[in-house]
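Order of listing sets the numbers, starting from 1, for every ligand and every atom in it.
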Amino acid sequence: MTQFLVGKRVLLGVTGSIAAYKSPEIIRRLREAGAEVRVAMTENAKRFITPLTLQAVSGNPLHEALFDARAEAAMGHIELARWADAVLIAPATADFMARLAHGLADDLLTTLCLATQAPVALAPAMNQGMWKHLLTQENLRALQQKQVCIIGPGNGSQACGDVGPGRMAEPEIILEQLSAVFATAALAGLKVLVTAGPTHEAIDPVRFLTNGSSGKMGYALAEAAREAGAAVTLISGPVSLPKPGHMDCMSVTTAQEMYDAVMRKIPDCDIFLSVAAVGDYRCKKVHEQKIHKNQDAMTLELVRNPDIVASVGQLSPRPFIVGFAAETEHVIEQAQAKRERKGMDMIVANQVGRGAGMGADENEVTVIGKSRIHLPSMPKGPLARQLIMMIAKEYHNQ
Ligand code: C5P
């Protein structure tokens, strides 16, 4: 999943965190993926890892100081900022995040981040209390608003003995997400249709049957497909998210409306991403007036809605189909069976319930296509970018 790193020039910044012991591993993997690497480190980083180690592993001279006549003669800091196709700071400390968020440029690394035109990615690493602190979270939001890509952090046991969020993301994840930054042309020229959100099935004029889908995953995938160069149509059930730009957006309410809209658009699409949590049943009779509570119990008679993705799966010719399976138990088995039953090429399975998955900001999924890949819990934005890369790969290797 790192094919977009081939031939890229990556400037790795290392700051003073215990996670710096993983930086050589990141350099090794970047070079294995075909990238050229130059390293800049802060003074505090030298307390955790030697300049010689980073220089040897990267195969290039190390950059340490902003005002170093020898280094400036070889490759000045502005030249270095221009050289980079991407700047990756891993590990990035709370202090580094704060300084970058406030636009400081008092050392080599912060100066490089301000001077470069290339995308900047940060893999934060710090104690869980520091990560959760309001000031760090404010700095995080400020950086994200300025299009800085944040990778991780992971959750788990920390060097200080604490357990929680703040561990630097594993080198493998860092590489995949950095590669995704370059994956701008993975779906170029293709038409992608996405369904998202829940449906509402009316009971009477004021009540309806629905589910907990927020639409966040479908919207994130539509955005990621657009970023990857696709022409995107988004058919959305009722959600409270802003409409994404630069794509064709249609709003529907019921499963039947979603089915009709999908069937109209499907002949003109290459990839169908069925992310919507479509209501399986609707009321046989929708009451014209509000139902009053004059009985102790009441029964609603329900009838099946059409299965949209299964109907698309039966078409010939049909697009490349990716479905989703939110399950509360036997997740993989259920998803595998669903993929075969509904004629999908790939299915993205996740466990829901107890706050996980549906409606949440993060998701942990297993993708079942030609192979089976587990992706750890991460925000839906980065997850969508990674899924789009996997989908593009399987689509092109059909
Ligand atoms: O059977 P289940 O609802 O778990 O299957 C989930 C997958 O099927 C999702 O991709 C969802 O978008 C799709 N689906 C559909 N129409 C339905 C029910 C589910 O397209 N009526």
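- Protein residues having a heavy atom under 4.0 Å from any atom of ligand 1 are S274, A276, V278, D280, P306, D307, I308, V309, G323, F324, K338, K342, listed by chain and number.
- Aromatic ring pairs are classed by plane angle as parallel below 30°, tilted from 30° to 60° and perpendicular above 60°; the pair Y395 and F320 is perpendicular.
- In this structure, L109 and I89 have side chains that are in contact, with non-hydrogen atoms separated by less than 4.5 Å.
- Checking N139 against T136 by side-chain atom types alone, no donor-acceptor pair falls below 3.5 Å.
- Proximity of D361 to K380: side-chain heavy atoms (C-beta onward) are nowhere separated by under 4.5 Å.
- In this structure, R282 contributes its side chain and A202 its backbone to no donor-acceptor pair below 3.5 Å.
- Other cluster members for I308: L193, I235, M250, V252, M258, Y259, V262, M263, I266, F272, V278, V309, V312, L315, I321, I332, M344, I347, I368, joined by side-chain heavy-atom distances under 4.5 Å among Ile, Leu, Val, Met, Phe, Trp and Tyr.
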